[in-house]
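Predicted model, so just to flag it, every value in this text is computed and none were measured. Numbers restart at 1 for each chain; the letters A, B, ... are given by sequence-line order, proteins then strands.
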Protein chains: 2
Amino acid sequence: MMATVFDVAKEAGVSIATVSRVMNNSPRVSAATAEAVRAAVEKLGYVPNQQARNLRKNESNSILVMIPDVTKLSYARTLAGINEKALEYGYTLLMNNAVGEEQEIVLNRMAETQRCAGAILLNVMLGDEWLPDVDSRLSLVLCSEYVSGCNMLSVSVDDRKIGREAADYLLKLGHRRIGYIGSCVSCSSAFERREGFLSRLSEDGIEPDVRLVAYTDVSTNYREGYRVARELLSRPDRPGAIFCYSDILAMAAVTVAGELGIRVPEQLSVLGVDNNVYAEMVHPYVTSFSQPFEEMGRRAMELLHLKMTGQTIPTGRVIAEHELKIQESTGPAL
Amino acid sequence: MMATVFDVAKEAGVSIATVSRVMNNSPRVSAATAEAVRAAVEKLGYVPNQQARNLRKNESNSILVMIPDVTKLSYARTLAGINEKALEYGYTLLMNNAVGEEQEIVLNRMAETQRCAGAILLNVMLGDEWLPDVDSRLSLVLCSEYVSGCNMLSVSVDDRKIGREAADYLLKLGHRRIGYIGSCVSCSSAFERREGFLSRLSEDGIEPDVRLVAYTDVSTNYREGYRVARELLSRPDRPGAIFCYSDILAMAAVTVAGELGIRVPEQLSVLGVDNNVYAEMVHPYVTSFSQPFEEMGRRAMELLHLKMTGQTIPTGRVIAEHELKIQESTGPAL
DNA sequence: ATGACGAATGGAAAGGTTTTCACATTGCAA
DNA sequence: TTGCAATGTGAAAACCTTTCCATTCGTCAT
């Protein structure tokens, strides 16, 4: 049915070994022979069977991407970046939408059946004693929130720095009554951002004020954010500026402000994180830290490629640069 | 390194053929032997090499999902559905984020190198003469907007019906001045929805009124939708109800109405399509047709499985059911 | 008692590569 | 002229399965 090395060898009048060499661009073959083989390949429409190749070479050209939830925009964007580089390097992308325990099962099965040579894990759960073990059999790169104490190679943004810069920016605008909406425990990035945020405020002598803070554990749930923001902004001693864990929460805050007759940014500055494409649906547009998800995906794929080809790689954590995109929701304190 | 059938055979004191039979649950092996083999498998931690298996059986257990843009929520949701079923059937998911010409190249390469046995194409471009050719070498299922005239097996919603029901719903609320925001040409679904919408209106004697219609070619771009909606709603003879191609456009219309002091739904009913999770970011919440993307993905995977295992499949088009989710943005005509 | 049959199992081929090793040819220096 | 290295090529093994075919053995009907 499909042409094989044997067919090509017969057609070109050479041995299968020579055909293989030509297909792999071996230098140890004469120009004339190579040309004849190539002609035969062309004529027969021969394409090497990847399965057989992988079996023989005992390696795989596919890599696994493990995603907790592909419908979350940040993951999808990262995936797009990974895909871009994978295509460039000639890898095939295996993807799996799995969470928790299932991640471990799938990953182990992939490693055992030798279905893939490497994997990129988006936002793997905390407390993963099993990761180093998997990493010994399979090249692994993490691409997600930074998990402190985890020594795996990872790509992430510096959430602590985002928090610090958020505080810095609002302080520079003259704000002193600065609030926070977001979680403090649900995930590592939330924790880090809040830590950085509070430590910068503390440097200017501003200590956490419970009346200015609203915690919501579901940091990306609009309705919950709306409820919490309403509560926070209804107080007589409401903050003059709010740093929000996500754009979703920031949008909720802006909407609430509009409903309560609080002018943004004159009476209230709102700062978010994400640069969500949907952020434009609320007016005024939300000032926000953008996260380079596509770039993170590309970097992760590059690192994995280096790791798999045995080249030198940076150890530990690789940081992707965020950027403050100033829009309409922030302004100087009155 | 890794245990093979030979190791297991030696350990269990049987032949490799028997080991293979046990691994494949063949009935032609005695219980005692099977037990011995299983014990050896357990002891050695043997896992069959998928590559070798695929090579021998000349088939693949992986299927390709081709996506134009994984960052679009509807595609991501479909992908999640596909993933769910693929896991259930034991398929490995290959994914590729490609558009236009690149789709054809990737698809052909996949078929030629026998990397996968089947593929699900999300929203493949129009005018694809090459599809039947690929389908003859690779099982194909389309999962996307319905392309009329294309005889491939496909899963899609009935966009014409959505259009009809939209008109029907607004007419039943007593509306007569009914507008439309969306594209008429950019994609098949936009065309179909508009056709169904207009034909239903026509049945009640309402003919298209250019003053009530706003066309925007980028049917999912908020800013453009905002501009267009503003233009449409600023007219003195503005419509009393609007059917929007997408929730994004509907949200823009609702926002514009709010800014212009037009009360929704008292003075203006707005109806969208999608049931976007972000639809909740605008008040009042938008009434909308939900599309079962996850379910579509699952159905597509099921159909592909049936097709690949040579079972009988429905021919042509499979329709997934949409549903009208009534929220706050629609109400009776004054 | 014999033949036929079915069940359980093993031997060996096949699937399409890559790669090692060996062989033959050439060119070049001694 | 001889020896040797470099170069180009082919034969065959190896990668790990599945599966066809053959063999053995026990059972049952004649």
Any chance the side chains of B:Glu145 and B:Ser188 put a donor and an acceptor closer than 3.5 Å? no
With ring pair (Phe, Tyr, Trp, His ring centres under 6.0 Å) as the rule and sequence neighbours excluded, what pairs involving residues 89-116 of chain B come up? B:Tyr89-B:His305, B:Tyr91-B:His305
Distance, nearest 0.5 Å, that separates CD1 of A:Ile67 from CE of B:Met95: 7.5 Å
Residue list, salt bridge (charged side-chain N to carboxylate O under 4.0 Å, His left out) with B:Glu102, at least two apart or on another chain: none
What residue pairs, at least two apart or across chains, pass ring pair (Phe, Tyr, Trp, His ring centres under 6.0 Å) with a residue in residues 31-63 of chain A? none
Residues 23-50 of chain A vs salt bridge (Lys or Arg N to Asp or Glu O under 4.0 Å), sequence neighbours excluded, gives A:Glu11-A:Lys43
DNA chain D contacts made by residues 27-35 of chain B, counting heavy atoms under 4.0 Å: none
With salt bridge (Lys or Arg N to Asp or Glu O under 4.0 Å) as the rule and sequence neighbours excluded, what pairs involving residues 44-62 of chain A come up? A:Lys57-A:Glu59
Please list, chain by chain and in numerical order, all residues satisfying salt bridge (charged side-chain N to carboxylate O under 4.0 Å, His left out) with A:Asp7, sequence neighbours excluded. none
Tell me the salt bridge (Lys or Arg N to Asp or Glu O under 4.0 Å) pairs involving residues 299-309 of chain B, sequence neighbours left out? B:Lys85-B:Glu302, B:Asp135-B:Lys307
Residue pair B:Val37 / B:Val14, side-chain heavy-atom distance below 4.5 Å: yes
Given C:dT9, is OP1 or OP2 found less than 4.0 Å from the side-chain N or O atoms of B:Thr18? no
Nearest-0.5 Å distance that lies between atom CG in B:Leu153 and atom CG in B:Leu303: 5.0 Å
How would you list, by chain and number, every residue that makes a side chain to side chain contact (heavy atoms under 4.5 Å, CB included) with A:Asn151, sequence neighbours excluded? none
Measure from the side-chain N and O atoms of A:Arg21 to the backbone N and O of A:Ile16, and report whether any donor-acceptor pair falls under 3.5 Å. no
Could you work out how much the helix from C:dA1-D:dT30 to C:dA30-D:dT1 bends, comparing the axis of its first five pairs with that of its last five, to 10°? 50°
Length of the line joining A:Gln51:CD and D:dT18:P, which is rounded to integer Å: 13 Å
Could you go over nucleotides 11-17 of chain D and give all protein N or O partners under 3.5 Å, atom names and distances?
unit_1: D:dA14; atom_1: N3; unit_2: A:Arg56; atom_2: NH1; d: 2.9
unit_1: D:dT17; atom_1: OP1; unit_2: B:Tyr46; atom_2: OH; d: 2.9
unit_1: D:dT17; atom_1: OP1; unit_2: B:Asn49; atom_2: N; d: 3.2
unit_1: D:dT17; atom_1: OP2; unit_2: B:Val5; atom_2: N; d: 2.8
unit_1: D:dT17; atom_1: O5'; unit_2: B:Tyr46; atom_2: OH; d: 3.1

Please list each protein N or O that sits under 3.5 Å from an N or O in nucleotides 24-27 of chain D, with the distance.
none

